[in-house]
Amino acid sequence: MKRKLRMGMVGGGKDAFIGAVHRIAAFMDGKIELVCGAFSVDPEISRQSGEELFIAPERVYANYEEMIRKELELPEGERMDFLTIVTPNFLHFGPAKLALENGFDVVVEKPMTVSLEEAKELEATVERTGRTLCLTHTYSGYPMVKQAKAMVKDGHFGKIRKVVVEYPQGWLSRLTEREGNAGAAWRADPKKSGLSLVMGDIGTHAAHLAEYVTGLRITQLCADLTTFVEGRLLDDDGSVLLRFEDGAKGVLMASQISAGEENAVRIRVYGEKGGLEWANEDPNNLIIKMLDQPRQIYRTGNAYAAPYTLSSFATHNTRIPAGHPEGLLESFANIYRNFAATASAKREGRTPTAEELDFPSVQDGVRGMAFVQNVVASNESNEKWTTFVV
């Protein structure tokens, strides 16, 4: 199958931030084209969005059910190959399940669903249908995050002892959801967002990053959630003590009332022999700190000689020469490119490479929803430690 993959989109209409980000990322490598969409619950906004995106009018649909039904009626050589879902959380499950059941692969924004039960049902649907689901945990797409993961896996730091991961934002320091901010309004609505605002929106990113880099799963946690802004219906700040398999301990902080912060994602991992540090706001640098060596900085795109050679996963996801910044859009695009390569490989009857398979999956989505549910349960419990239940 030597052609572009054809993408449909649910949500992401005009003026929707994350929809535009997905489209830029999907188009970056020239392997994906947008052919149809149900871009808004407002038919007029959906029509205008399709017009601005040069989509044929007959393939701009009123809702996702109509889109999936009518796309199936088209010849196989014309219909969409996969569906991207960029709606508020409560509208992830329905289109994802229907698409999978009708033979379409899926890319979905995080968190995957609003409940662990829905997440498990999607996992069962993926297993039953054999389709591919990709979850856009963006920070795992950066080359230096992949280098960090490879170095931990290779034992560079010895047995992992401590993980510190944080995601502070400040954009919800006021009651922004009552000030006309549509993105804040649905995130702060329990009916649309789920059990937790801060943990569903950004805490899941931090938890996924910790498990992705270390290769260790969270086994127990102790959480403290707070709603600082008066009048808000969900939590806007949280701290979580973590216990990982193999004995490692961790601390996770996620906050949307850290006034002045933007998207200051940072992870530090410490082993017996040394540690690493990576920060989203300086993503080309991976700082290595060994007990018996000077501090080292690994940089994206450099052809270092052994023993400092960058891993194949880092180089596979590097796009431009060293010294040129690679940021959020490129990281997003890496996830789309690997997903597209995997989906195409399955259609061609070949086995995807390990590098192509390196994107967040439905299993990561289940872990994310389990994290949110367990954090909320821990916060409401009088017990110090809550066993992580999936």
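Both backbone and side-chain heavy atoms feed into the values below; hydrogens, waters and symmetry mates do not. In this text the structure is predicted, and so the values were computed from the model without any measurement. Sequence positions, counted from 1, serve as the residue numbers for this chain.
- Here the CZ-CZ distance, from Arg6 to Phe104, works out to 10.0 Å after rounding to the nearest 0.5 Å.
- Other residues, nucleotides and ligands contribute over 12 non-hydrogen atoms within 6.0 Å of the CZ atom of Arg350.
- For Gln48 and Glu52, the side-chain atoms include no donor-acceptor pair closer than 3.5 Å.
- Looking at Thr315, its side chain does come within 3.5 Å of a backbone N or O of Ser312 through a donor-acceptor pair.
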Problem set entry | Steps toward side-chain contact (heavy atoms from CB on, under 4.5 Å) verdict (Val240, Met199) | CA-CA 10 Å; Val240 189; Met199 289 300 163; 3.8 Å; yes
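- Put simply, the residue from Val375, Asp235, Asn379 that forms a side chain to side chain contact (heavy atoms under 4.5 Å, CB included) with Asp224 is Asn379.
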Exercise. Could you go step by step and tell me if Lys346 and Asp105 meet the side-chain contact (heavy atoms from CB on, under 4.5 Å) rule?
Worked result: CA-CA 11 Å; Lys346 289 183 176 181; Asp105 297 321; over 6 Å; no
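- Residue Val165 is grouped with residue Leu328 when hydrophobic side chains (ILVMFWY) are merged at heavy-atom distances under 4.5 angstrom, including chains of intermediate members.
- Leu98 and Val35 fall within a single hydrophobic cluster, where Ile, Leu, Val, Met, Phe, Trp and Tyr side chains are chained together by heavy-atom contacts under 4.5 Å.
- For the pair Lys149 and Tyr212, the cation sits on the ring face: its NZ or CZ lies under 6.0 Å from the ring centre, inside 45° of the axis.
- Placement of Met290 and Leu276 within a single hydrophobic cluster is found when ILVMFWY residues are connected by side-chain heavy-atom separations under 4.5 Å, directly or transitively.
- Across Ser46 and Tyr61, no two heavy atoms sit closer than the pair OG-O, 3.5 Å.
- Side-chain contact between Phe332 and Met28 is absent, with no heavy atoms from C-beta onward closer than 4.5 Å.
- Just one of Asp201, Asn181, Asn89, Thr176 meets the side-chain hydrogen bond (donor to acceptor under 3.5 Å, both in side chains) condition when paired with Arg187; it is Asp201.
- A donor-acceptor distance shorter than 3.5 angstrom exists from the side chain of Asn334 to the backbone of Gly141, with no hydrogens or angles considered.
- Annotation: side chain of Asn317 is in contact with side chain of Arg337 (closest heavy-atom distance under 4.5 Å).
- Comment: Lys110 does not engage Asp364 in a salt bridge, judged by the lack of any side-chain N to carboxylate O separation of less than 4.0 angstrom.
- Under the 30°/60° scheme for interplanar angles, the aromatic rings of His205 and Tyr167 are found to be tilted.
- Arg161 places no side-chain N or O within donor-acceptor distance of the main-chain N or O of Tyr270, the cut-off being under 3.5 Å.
- The heavy-atom pair separating Leu252 from Ala206 by the smallest distance is CD1-CB, 3.7 Å.
- With hydrophobic clusters built from ILVMFWY side chains whose heavy atoms lie under 4.5 angstrom apart, Ile45 does not share a cluster with Trp186.
- Residues Val269 and Phe157 form no side-chain contact, since every pair of their non-hydrogen atoms from C-beta on lies 4.5 Å or further apart.
- Closest approach of Lys146 and Ser140 over heavy atoms only: NZ-O, 2.9 Å.
- Glu166 and Arg266 are joined by a salt bridge, as a carboxylate oxygen and a charged side-chain nitrogen come within less than 4.0 angstrom of each other.
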For this session: Any chance you could lay out the side-chain contact (heavy atoms from CB on, under 4.5 Å) test for Glu33 and Met7, step after step, and finish with the verdict?
Result: CA-CA 6 Å; Glu33 59 182 337; Met7 178 174 78; over 6 Å; no
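- Residues Val106 and Ile85 form a side-chain contact, since some pair of their non-hydrogen atoms from C-beta on lies under 4.5 Å apart.
- A salt bridge links Arg128 and Glu101; the closest N-O separation between the charged side-chain nitrogens and carboxylate oxygens is under 4.0 Å.
- Ala119 and Met369 get closest at one heavy-atom pair: CB-CG, 3.9 Å.
- Remark: Glu127 CD is packed, more than 12 non-hydrogen atoms of other residues, nucleotides or ligands lying under 6.0 Å away.
- Taking the six-membered ring where the residue is Trp, Trp278 and Tyr142 present tilted rings, their angle falling between 30° and 60°.
- Judged purely by distance below 3.5 Å, without hydrogens or angles, the side chains of Glu326 and Thr318 never pair a donor atom with an acceptor atom.
- Here the CD-CD distance, from Glu261 to Gln256, works out to 12.5 Å after rounding to the nearest 0.5 Å.
- Using a 3.5 Å distance cut-off with no hydrogens or angles, the side chains of His92 and Glu118 do not pair a donor with an acceptor.
- Within 6.0 Å of the CZ atom in Arg69, the count of heavy atoms belonging to other residues, nucleotides or ligands exceeds 12.
- Using modelled atom types and a 3.5 Å distance limit, the side chains of Asn263 and Gln169 yield a donor-acceptor pair.
- The neighbour count for Glu65 CD, taken as heavy atoms of other residues, nucleotides or ligands under 6.0 Å away, is above 12.
- Salt-bridge check for Arg47 with Glu44: passed, with a basic side-chain N closer than 4.0 Å to an acidic carboxylate O.
- Residue Lys289 places its NZ atom among more than 12 non-hydrogen atoms of other residues, nucleotides or ligands, all under 6.0 Å distant.
- Note: the hydrophobic cluster containing Val86 does not contain Phe90 (ILVMFWY, side chain heavy atoms under 4.5 Å, direct or indirect links).
- The minimum heavy-atom distance linking Val213 with Val152 is given by the pair O-CB, 3.7 Å.
- In this structure, Ile288 and His156 have side chains that are in contact, with non-hydrogen atoms separated by less than 4.5 Å.
- The number of heavy atoms from other shown groups lying within 6.0 Å of NZ (Lys153) does not exceed 12.
- Thr113 has its side chain out of reach of Glu121: every pair of non-hydrogen atoms, C-beta onward, lies at least 4.5 Å apart.
- Heavy-atom minimum distance, Glu277 versus Arg268: CG-CG, 3.6 Å.
- Around CD of Gln293, the count of heavy atoms belonging to other residues, nucleotides or ligands within 6.0 Å exceeds 12.
- Looking at heavy atoms from C-beta onward, His137 lies in side-chain contact with Thr204 at the 4.5 angstrom threshold.
- The closest side-chain heavy-atom distance from Gln373 to Glu117 is below 4.5 Å.
- By the neighbour-count criterion of 12 heavy atoms within 6.0 Å, atom CZ of Arg243 is densely surrounded, having more than that number from other residues, nucleotides or ligands.
- Using the six-membered ring where Trp is involved, Phe82 and Tyr336 have ring planes that are tilted, between 30° and 60° apart.
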Problem set entry | Verdict with supporting geometry, Leu116 and Val366, side-chain contact (heavy atoms from CB on, under 4.5 Å) | CA-CA 7 Å; Leu116 181 55; Val366 172; 4.0 Å; yes
